[in-house]
Amino acid sequence: MKDLKSKIEQYRKEFEEAVSEVRDSAALQKLRNLYLSRKKGYVAGLMDQLKTLPNEAKRDAGQLINTFKDHIQAELQKLQDTFQKQKKYVKAVDLTLPGTKCYWGAPHPLRVFQEKMEDIFLRMGFSIEDGPEIETDYYNFEALNFPPHHPARDDWDTLYINDDLLLRTHTSPVQIRVMEKKKPPIRIIIPGKVFRKETPDPTHAPMFFQMEGLVVDLGITFADLKGTLDFFLKAMFHNKIKIRFRPSFFPFTEPSAEVDISCTVCNGKKDDCRVCGGTGWVEILGAGMVDPQVLKNVNIDPEKYSGFAFGMGIDRTAMFEYQIPDMRLFYENDLRFIREFSRK
Ligand code: DAH
């Protein structure tokens with residue numbers, strides 16, 4: 001019995017030492033076999049020895065062996081749990097795995113393009129103005145020389161909030177708001193959202209962006225309008241285009257013109273071009289000399305001052321520049337599209 005006790009003591013010491021050196025599951029298994037293997041393990045050896053003891057001693061000795069066995073089992077289990085946890089942890093920081101891709105945010109392509117347009121006008125001495133997207137009938141129509149029930153209003157149909165309030169159909173009302181507050185010289189651009197009663201298709205959307213321009217000063221002529229737009233459009237389209245003016249009508253300008261640029265897609269060489277329809281020209285903006293009545297509406301003397309104005313779609317211009325066939329792509333938020341164009 002004494003013999004057995006000291007043997008257990010000896011094994012326990014050895015075990016404590018051995019267990020502190022186990023670093024992996026293989027070493028753990030080895031140690032387990034050494035102590036717990038059913039046939040040759042140390043514990044099995046102790047059990048054999050137990051059989052040789054006199055009956056009175058068996059109970060105490062058996063208890064000693066079992067306590068020792070439990071201790072070993074518990075220690076080995078603890079170690080096994082630790083290894084398992086480490087395995088999980090190692091998985092979480094496996095540096096050989098490809099990382100999760102993380103994208104930088106970027107401005108929307110339309111915003112990038114708008115800033116490009118603004119830069120050209122800022123270089124010419126224009127400043128940027130802003131106005132409300134919910135407008136009154138007066139600013140959106142009447143002050144711009146659209147009398148009530150005038151048929152020209154049909155082309156600018158929109159969503160009404162009540163009889164007097166509506167979502168603005170163009171950025172032109174901001175011309176009036178600015179001229180009410182500032183006296184000439186005025187040289188401004190007005191970028192912003194506008195709204196129309198439109199069903200979305202490749203070239204229409206119920207909401208889109210416009211950029212308006214207004215210059216009012218002494219002695220402003222149509223030549224100034226032509227020179228400014230010529231400079232802007234050539235800067236915008238890298239000098240690669242031709243420009244033409246066509247007579248047109250807008251209630252707030254007289255005379256009025258629509259401005260075309262030569263087709264950037266086919267250069268006038270394809271009869272079935274989807275962008276210009278084979279004409280070689282695409283309309284890019286509306287413009288004209290500010291109607292004297294509009295100046296009167298804001299108490300600027302049309303005998304003394306004159307001005308020109310223009311308005312263009314930012315989306316539309318971006319479509320020509322980047323050769324994007326469908327305006328709806330700007331608003332669908334497909335990240336493949338946004339990423340493609342947000343840095344151009
Ligand atoms: N507001 C017009 C539109 O939305 C565009 C426009 C035409 C603006 C002629 C102007 C202008 O300032 O002079 O269709």
Side-chain angles (χ1 to χ4, degrees), residues 114 117 121 126 128-133 135-146 150-159 166-180 184 186-198 203-217 220-230 232-233 243-261 282-295 297-298 300 302 305-317 327:
Q114 177 181 318
M117 293 168 78
F121 285 111
F126 283 71
I128 300 174
E129 290 284 347
D130 201 6
E133 287 164 12
E135 260 305 0
T136 61
D137 183 275
Y138 177 76
Y139 287 108
N140 197 78
F141 291 125
E142 259 200 84
L144 288 165
N145 222 12
F146 290 79
H150 192 283
R153 286 189 179 214
D154 288 354
D155 293 336
W156 280 267
D157 200 7
T158 184
L159 291 161
L166 48 91
L167 297 184
R168 71 176 179 194
T169 58
H170 46 182
T171 38
S172 306
V174 190
Q175 288 189 26
I176 305 293
R177 289 183 176 275
V178 171
M179 286 191 289
E180 278 178 347
I186 291 170
R187 201 185 296 146
I188 55 164
I189 49 168
I190 307 148
K193 281 190 204 109
V194 301
F195 307 84
R196 302 256 169 110
K197 191 174 154 283
E198 300 276 14
T203 53
H204 295 90
M207 187 218 78
F208 56 100
F209 286 83
Q210 276 192 340
M211 187 172 290
E212 187 87 12
L214 174 71
V215 172
V216 184
D217 203 349
I220 297 290
T221 69
F222 203 93
D224 296 311
L225 169 63
K226 263 192 107 168
T228 305
L229 290 179
D230 192 76
F232 167 74
L233 291 170
I243 297 162
R244 76 174 185 188
F245 282 66
R246 278 181 295 110
S248 184
F249 170 78
F250 297 101
F252 38 93
T253 44
E254 182 59 37
S256 303
E258 266 162 328
V259 180
D260 298 340
I261 59 168
V282 286
E283 184 199 318
I284 195 101
L285 56 87
M289 299 307 290
V290 180
D291 195 292
Q293 185 58 47
V294 172
L295 293 176
N297 291 346
V298 290
I300 292 178
Y305 290 104
S306 56
F308 67 78
F310 56 86
M312 66 191 104
I314 295 177
D315 318 51
R316 204 176 147 72
T317 315
M327 187 168 172

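Just follow the structure's listing: the first ligand is 1, and inside any ligand the first atom is 1. Starting from 1, each residue takes its place in the sequence as its number.
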Between F245 and F308, does the ring centre distance come in under 6.0 Å?
no

- Task: Taking the side chain as every heavy atom from C-beta outward, state whether V194 and F208 have any atom pair closer than 4.5 Å.
- Result: yes

Contact set, ligand 1, heavy-atom distance under 4.0 Å, ordered by chain/number, equals W156, H170, S172, Q175, R196, Q210, E212, F250, F252, T253, G286, A287, G288, A309, F310, G311

Check step by step if ring-ring contact (aromatic ring centres under 6.0 Å, His included) holds for H170 and F250. CA-CA 12 Å; H170 46 182; F250 297 101; 9.2 Å; no

Q. Aromatic rings F121 and F126: how do their planes relate, parallel, tilted or perpendicular, breaks at 30° and 60°?
A. perpendicular

**Note, E135 side chain near L166 side chain (heavy atom, < 4.5 Å)** = yes

State whether Y139 and R177 meet the cation-pi test: NZ (Lys) or CZ (Arg) under 6.0 Å from the six-membered ring centroid, and within 45° of the perpendicular axis. yes

